[in-house]
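Order of the sequence lines fixes the chain letters, A, B, ..., with proteins taken first and strands second; residue numbering starts at 1 for each chain. Only this structure's heavy atoms are used, side chains among them; waters, hydrogens and symmetry mates stay out.
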Number of protein chains: 2
Amino acid sequence: MENGIESQCEQCIVRQFNSLRAMSKEELKKVSQSKTSKTVKKGETIFEEGETLKGVFCVRNGVSKLSKLSANGKDQTVKLAAKGMVIGQRSVIAEELSNLSATALNDMEVCFIPKEIIVSTLNTNPNFTMEVLRHMAHDLKEADDVIVNMSQKTVKQRVAAAFLYLKNNFGEDENGFLLLTLSRDDIANVVGTATESCIRIISEFKKKGLLKNYGKKMGIVNEKGLRDLAEGY
Amino acid sequence: MENGIESQCEQCIVRQFNSLRAMSKEELKKVSQSKTSKTVKKGETIFEEGETLKGVFCVRNGVSKLSKLSANGKDQTVKLAAKGMVIGQRSVIAEELSNLSATALNDMEVCFIPKEIIVSTLNTNPNFTMEVLRHMAHDLKEADDVIVNMSQKTVKQRVAAAFLYLKNNFGEDENGFLLLTLSRDDIANVVGTATESCIRIISEFKKKGLLKNYGKKMGIVNEKGLRDLAEGY
DNA sequence: ATTCTAATATGATATAAGTCATATTATAAG
DNA sequence: CTTATAATATGACTTATATCATATTAGAAT
């Protein structure tokens with residue numbers, strides 16, 4: 001849709017971090033031709049649980065949560081997708097309805113890539129297929145870890161782990177504040193707890209000198225302390 | 001190792017249920033030649049968390065739990081692998097240490113398939129690769145569901161769901177008893193709860209006419225009741 | 001049978017964490 | 001600037017579930 005220099009996937013830096021890097025020049029050209037860029041405002045959804053996806057989305061900017069509504073009406077965030085990640089792959093590959101919703105946690109720029117291109121590349125380029133498979137294997141391992149954390153760690157440990165995760169995956173600025181700013185409610189949905197519990201624990205962590213904040217921005221003060229807390233008791 | 005008629009993978013029925021069905025006749029012949037069958041007694045481990053797997057295991061008989069030790073020393077079962085399932089694939093594909101341990105929940109027969117054959121087939125047979133990818137995509141979806149259940153459902157709901165899962169995946173005999181008999185402790189590890197809590201809830205379910213037992217064998221009496229319980233309140 | 005050990009059962013208690021209520025503070029909208 | 005609305009904070013209370021203790025029962029070993 002857009003036609004700036006960034007619209008050529010061949011030159012897109014973001015691609016280096018996902019399975020698209022295993023595509024050939026010609027395949028990338030096709031992707032470039034058929035892809036559409038779009039902006040998604042904070043809070044808007046990219047796709048919904050139960051939808052049939054017509055393609056995958058490559059995150060160029062911003063962060064999306066992948067979440068699922070539970071029977072009791074609460075939203076559980078299963079994964080956060082940052083710049084460079086491709087979302088919707090699983091449903092396209094399995095040819096199933098999406099099991100997750102994708103919602104922008106801040107303003108985003110995403111590229112939509114029609115599933116036909118993904119499927120045909122999977123059928124013709126074994127390197128690409130293997131790369132996708134490796135990514136999926138990695139995602140599966142991470143999901144296993146989340147299962148164990150959910151069932152075996154206390155809410156306090158999970159909140160501590162969540163902040164370490166945010167630092168490791170999204171980084172911090174020169175003053176030690178996390179680049180990804182989430183509301184308490186968003187964090188609660190990642191951790192799988194009530195918003196009030198999340199707020200209480202964050203307050204406690206601030207009092208204990210583990211976390212700091214400057215307005216909405218949160219920062220880690222004592223990383224080792226957080227890690228100790230997240231691991232054992 | 002063994003040489004009965006069953007040792008020819010080409011004829012093995014079990015194969016129909018896993019990704020090996022996408023292999024060609026010649027590939028299966030190679031698998032037949034290099035595979036080894038072995039029996040694993042109840043309680044023995046097939047592989048341990050942190051091990052480098054030299055291949056994958058195809059379950060011919062019995063059931064294995066795939067579990068991970070949490071920091072507090074408790075064992076969390078992430079998945080149960082029944083007849084026909086291939087375990088260890090994820091680690092072989094990602095070329096990583098295994099993130100899970102596999103332990104026999106009853107006496108098992110498994111075939112070991114060296115990773116070289118798996119890797120070379122992945123590199124040469126796109127059908128096989130796609131089949132493995134589809135399986136992995138399915139596993140990932142299931143893992144997402146487990147994450148949501150773990151964080152959003154009560155222990156009671158999860159116990160109810162576990163019995164429904166056992167019925168759906170392992171079946172029941174003519175008298176309505178589950179074919180897979182697990183100890184309370186095993187069930188507790190699947191559900192992610194304390195053994196005592198698990199025992200208590202099962203007792204309650206028996207009193208309420210949801211479950212029955214005959215010695216160690218457990219059976220579902222009121223499936224709808226269990227389902228209602230597992231879903232909402 | 002008899003003994004030993006593991007599995008199941010149940011009570012008592014402590015505690016983590018959810019829920020409901022109500023402030024207080026930010027941020028957006030007019 | 002003022003008002004409205006959303007986000008954060010904290011208190012009070014309830015409940016689910018873990019933990020510790022102790023029976024009871026079943027299964028294995030001798």
Side-chain angles (χ1 to χ4, degrees), chain A residues 41-43 70-76 105-107 149-163 178 181-208 211-219 229-230 232-233, chain B residues 41-43 70-76 105-107 149-163 178 181-208 211-219 229-230 232-233:
Chain A
K41 290 250 163 58
K42 178 176 176 177
S70 70
N72 63 51
K74 286 191 186 159
D75 190 74
Q76 174 64 43
L105 290 179
N106 46 31
D107 290 349
N149 286 342
M150 283 295 172
S151 65
Q152 303 291 349
K153 289 194 172 168
T154 64
V155 172
K156 211 175 274 186
Q157 290 179 304
R158 270 143 54 201
V159 172
F163 277 99
L178 295 170
T181 298
L182 296 179
S183 70
R184 304 289 190 269
D185 193 52
D186 288 333
I187 299 171
N189 289 342
V190 170
V191 168
T193 188
T195 310
E196 299 95 316
S197 302
C198 183
I199 289 173
R200 244 182 271 270
I201 289 168
I202 290 175
S203 301
E204 186 194 323
F205 286 0
K206 282 194 288 188
K207 275 182 203 136
K208 284 187 178 160
L211 296 176
K212 64 181 177 181
N213 74 306
Y214 181 73
K216 296 256 162 212
K217 284 198 163 304
M218 299 293 309
L229 220 158
Y233 259 156
Chain B
K41 290 248 166 60
K42 180 179 174 173
S70 70
N72 63 51
K74 288 191 186 159
D75 189 74
Q76 174 65 41
L105 290 180
N106 46 31
D107 291 350
N149 286 344
M150 282 295 172
S151 64
Q152 303 291 349
K153 288 192 174 172
T154 64
V155 172
K156 211 174 277 185
Q157 291 178 304
R158 270 141 57 201
V159 171
F163 277 98
L178 295 170
T181 298
L182 297 179
S183 71
R184 303 289 190 266
D185 194 52
D186 287 332
I187 298 171
N189 290 343
V190 170
V191 168
T193 188
T195 309
E196 299 95 316
S197 301
C198 184
I199 288 173
R200 244 183 270 270
I201 289 169
I202 290 175
S203 301
E204 186 192 322
F205 285 1
K206 282 195 287 189
K207 276 182 204 138
K208 286 189 178 160
L211 296 177
K212 64 181 177 182
N213 74 304
Y214 181 73
K216 296 258 163 212
K217 284 197 163 305
M218 298 293 308
L229 221 157
Y233 259 155

(request) Among dT17(D), dT19(D), dT10(D), find the nucleotide with the atom closest to the side chain of Ala194(B). (result) dT19(D)

(request) Measure from CG on Leu211(A) to P on dT8(D) and round the result to the nearest Å. (result) 14 Å

(request) Tell me which nucleotide among dT19(D), dT19(C), dT17(D) gets nearest to the side chain of Val155(B). (result) dT17(D)

(message) Quick check: do Ile202(A) and Ile187(A) have side-chain heavy atoms less than 4.5 Å from each other?
(response) yes

(message) Closest approach to the side chain of Thr193(B), judged atom by atom: which nucleotide of dA18(D), dA9(D), dT10(C) is it?
(response) dA18(D)

(request) Please report, rounded to the nearest Å, how far the P atom of dA7(C) is from the CD1 atom of Ile202(B). (result) 14 Å

(request) Check every atom of dA17(C), dT10(C), dC20(C) against the side chain of Glu196(A) and return the nucleotide holding the closest atom. (result) dC20(C)

(request) Could you tell me the separation between the CG atom of Leu105(B) and the P atom of dA7(C), rounded to a whole number of Å? (result) 13 Å

(request) With heavy atoms under 4.0 Å as the rule, sort Lys153(A) into base, sugar-phosphate or nothing. (result) nothing

(request) Without swapping roles, check the side chain of Lys153(B) against the backbone of Ala230(B) for a donor-acceptor pair under 3.5 Å. (result) yes

(request) Rounded off to whole Å, could you give me the CD1-to-C1' distance for the Ile199(B) and dC20(D) pair? (result) 14 Å

(message) Regarding Asp185(A) and Ser183(A), do their side chains bring together a donor and an acceptor under 3.5 Å, going by distance alone?
(response) no

(request) Examine dT8(C): is either OP1 or OP2 under 4.0 Å from a nitrogen or oxygen in the side chain of Ser203(B)? Give yes or no. (result) no

(request) Send over the distance from Lys156(A) NZ to dA18(D) C1', rounded to a whole Å. (result) 16 Å

(request) Using a cut-off of strictly less than 4.0 Å, decide whether Ser197(B) has a side-chain nitrogen or oxygen near OP1 or OP2 of dA18(D). (result) yes

(request) Report yes or no: does Arg184(B) contribute a side-chain atom to a donor-acceptor pair with the main-chain N or O of Cys198(B) at less than 3.5 Å? (result) no

(message) Take a 6.0 Å sphere around NZ of Lys206(B) and say whether it holds more than 12 heavy atoms from other residues, nucleotides or ligands.
(response) yes

Write out a two-atom table: protein N or O, nucleotide N or O from nucleotides 4-7 of chain D, distance below 3.5 Å.
from	atom 1	to	atom 2	distance (Å)
dA7(D)	O3'	Lys216(A)	NZ	2.9

(request) Considering just the side-chain nitrogens and oxygens of Lys206(B), establish if one lies under 4.0 Å of OP1 or OP2 belonging to dT10(C). (result) no

(request) Please report, rounded to the nearest Å, how far the P atom of dT15(C) is from the CG atom of Asn72(B). (result) 17 Å

(request) Check whether the side chain of Arg200(B) and the base of dG11(C) form a donor-acceptor pair under 3.5 Å. (result) yes

(message) Minimum heavy-atom separation for Ala188(B) and Thr195(B), please, with both atom names.
(response) CB-CA, 3.8 Å

(request) From the options Arg200(B), Met218(B), Lys156(B), select the one residue that forms a side-chain contact (heavy atoms from CB on, under 4.5 Å) with Phe205(B). (result) Lys156(B)

(request) Estimate the overall bend of the helix from dA1(C)-dT30(D) to dG30(C)-dC1(D) from the end axes over five pairs each, rounded to 10 degrees. (result) 50°

(request) Examine dA9(D): is either OP1 or OP2 under 4.0 Å from a nitrogen or oxygen in the side chain of Lys207(A)? Give yes or no. (result) no

(request) To the nearest 0.5 Å, tell me how far Asn189(A) CG sits from Ser151(B) OG. (result) 9.5 Å

